[in-house]
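Working notes, structure below.
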Amino acid sequence: MTIRNKLIAGNWKMNKTSADAAALARDITSVAGQRTDVEVVICPPFTALESAAQAVAGTQLRLGAQNMHPEKSGAFTGEISAEMLRALFVSHVILGHSERRTLFGETDGFINLKVLAALKNQLRPIFCVGETLTEREAGATLKVVQAQVERGLEGVGREQAVEIVVAYEPVWAIGTGKVATTAQAQEVHAFIRSLLTKLFGDVVAQKIRILYGGSMKPANAPELLAQPDIDGGLIGGASLEARSFLELVTAAAAAK
Ligand code: PGA
């Protein structure tokens with residue numbers, strides 16, 4: 001029995017109109033809306049946050065955004081601030097997703113600014129790290145993950161660190177159907193927890209949830225979620241339909 005409640009987060013990426021998102025959010029809340037044994041977060045695109053917020057109002061479901069700009073306001077065409085997200089009842093924000101890192105050139109330094117800004121504004125970062133296939137094959141996985149964790153969390157204080165959720169997402173497993181073996185995933189999760197212990201001390205590190213992401217599906221979830229340092233999942237493809245997403249929530253509850 002661990003002190004960490006499992007967390008299942010759905011990353012809807014660039015999918016769902018506002019109306020489609022509200023419908024999916026309602027389907028999820030109708031089944032899992034009152035669950036407290038697993039924390040459930042849905043992360044629709046910005047344009048669907050308002051309709052999704054209405055759909056989850058009064059339930060236990062939490063709302064997350066998929067990105068955020070570190071500045072408060074100003075001349076940043078196309079960007080969204082923490083304050084804007086808070087006004088839509090957003091509580092979590094995915095930061096440093098590998099698609100942001102590789103397709104949009106986000107650096108560890110820029111992601112670090114976002115993490116600090118999110119915490120300052122009472123938003124809980126879902127901070128993503130993970131190696132590419134080339135890096136894994138070169139035996140550099142732990143080194144890469146260590147640099148991402150240390151640089152991304154620079155300047156975070158101990159009291160703030162408990163608010164952070166880390167997501168380990170091997171880039172080669174995202175959307176590919178190739179899932180990390182439980183041993184591969186657990187090894188990196190335990191390593192991340194050791195880094196968190198060095199940064200924030202054991203008491204805090206034991207409270208921080210570390211999610212696995214990358215082709216997590218109802219079929220492979222139970223084994224992954226049973227690992228001692230895997231505290232939930234960041235789900236892409238399988239979060240776009242209520243049925244598969246809800247099965248993952250059930251799997252997380254059963255894995256306690
Ligand atoms: P996937 O995506 O579940 O479709 O692999 C996970 C993610 O990118 O967060």
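All figures in this text were calculated on a predicted structure; none of them were measured in a lab.
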Are [X] and [Y] linked, directly or through other ILVMFWY residues, by side chains that come within less than 4.5 angstrom of each other?
X      : Y      : result
Val129 : Leu113 : no
Val179 : Trp172 : no
Val93  : Leu116 : yes
Leu133 : Val144 : no
Ile174 : Tyr212 : no

[X] and [Y]: which non-hydrogen atoms are nearest, and at how many Å?
X      : Y      : result
Ala255 : Lys6   : CB-CE, 3.9 Å
Ala48  : Ser18  : CB-CA, 3.9 Å
Ala53  : Leu88  : CB-O, 3.5 Å
Ala251 : Ala221 : CB-CB, 4.3 Å
Ala25  : Val56  : CB-CG1, 4.3 Å
Leu248 : Pro218 : CD2-N, 3.7 Å

Is a side-chain N or O of [X] found less than 3.5 angstrom from the main chain of [Y], in a donor-acceptor match?
X      : Y      : value
Ser239 : Gly10  : no
Glu135 : Thr132 : yes
Gln148 : Gly130 : yes
Lys16  : Leu240 : yes

Short side-chain donor-acceptor distance under 3.5 Å, [Y] and [X]:
X      : Y      : value
Tyr168 : Glu131 : yes
Thr134 : Glu137 : no
Gln66  : Trp12  : no
Gln54  : Glu50  : no

Query - Any residue meeting side chain to side chain donor-acceptor pair (under 3.5 Å) with Glu247, in chain and number order, not counting sequence neighbours - result: none
Requested in this report: Give the C-alpha distance, both sets of side-chain angles, the deciding distance and a yes or no for side chain to side chain contact (heavy atoms under 4.5 Å, CB included) between His92 and Leu63.
Outcome: CA-CA 6 Å; His92 293 67; Leu63 196 58; over 6 Å; no
Requested in this report: Give a yes or no on whether Phe89 atom CZ has more than 12 heavy-atom contacts from other residues, nucleotides or ligands under 6.0 Å away.
Outcome: no
Report task. Could you work out the complete set of other residues in the hydrophobic cluster of Phe104, with links drawn between I, L, V, M, F, W and Y side chains under 4.5 Å apart? Result -> Leu103
Query raised in the report: Given a cutoff of under 4.5 Å between side-chain heavy atoms of I, L, V, M, F, W and Y, with clusters grown through shared members, what are the other residues clustered with Val41?
Result: Leu7, Ile94, Ile126, Val165, Leu211, Leu234
Indicate every side-chain donor-acceptor pair of residues 154-162 with a distance under 3.5 Å to a residue at least two apart or in another chain.
unit_1	atom_1	unit_2	atom_2	d
Arg158	NE	Phe200	O	3.4
Gln160	OE1	Gly157	N	3.1

Query raised in the report: Are Asn5 and Arg209 close enough, and set up right, to give a side chain to side chain contact (heavy atoms under 4.5 Å, CB included), and what steps lead you there?
Result: CA-CA 8 Å; Asn5 211 6; Arg209 262 88 54 92; 4.2 Å; yes
Sequence neighbours excluded, every pair satisfying salt bridge (Lys or Arg N to Asp or Glu O under 4.0 Å) that has a member inside [range]:
range            : result
residues 103-123 : Arg100-Glu106, Arg101-Asp108, Glu106-Lys114, Asp108-Arg151
residues 61-75   : Lys72-Glu83
residues 175-201 : Arg193-Asp229, Arg193-Asp231

**Report entry** Test log, rule side chain to side chain contact (heavy atoms under 4.5 Å, CB included), inputs Lys217 and Asn220
**Finding:** CA-CA 6 Å; Lys217 306 266 181 296; Asn220 57 36; 4.1 Å; yes
Between [atom1] on residue [X] and [atom2] on residue [Y], distance to nearest 0.5 Å:
X      : Y      : atom1 : atom2 : result
Glu169 : Ser98  : CD    : OG    : 6.0 Å
Leu153 : Asn112 : CG    : CG    : 7.5 Å
Glu163 : Ser91  : CD    : OG    : 10.5 Å
Ile80  : Thr47  : CD1   : OG1   : 9.5 Å
Ile28  : Ile8   : CD1   : CD1   : 11.5 Å
Phe127 : Ile164 : CZ    : CD1   : 8.0 Å

Applying ring-ring contact (aromatic ring centres under 6.0 Å, His included), can you list everything that pairs with [X], at least two apart in sequence or on another chain?
X      : answer
Phe245 : none
Phe110 : His69
His97  : none

Query raised in the report: Which residues pass the salt bridge (Lys or Arg N to Asp or Glu O under 4.0 Å) test with Lys13, sequence neighbours left out?
Result: Glu99
Query raised in the report: side chain to side chain contact (heavy atoms under 4.5 Å, CB included) between Val166 and Ile208: does it pass, once the steps are laid out?
Result: CA-CA 8 Å; Val166 179; Ile208 298 178; 4.2 Å; yes
Query raised in the report: With sequence neighbours left out, what residues match Ala253 under side chain to side chain contact (heavy atoms under 4.5 Å, CB included)?
Result: Arg35, Asp37, Val38
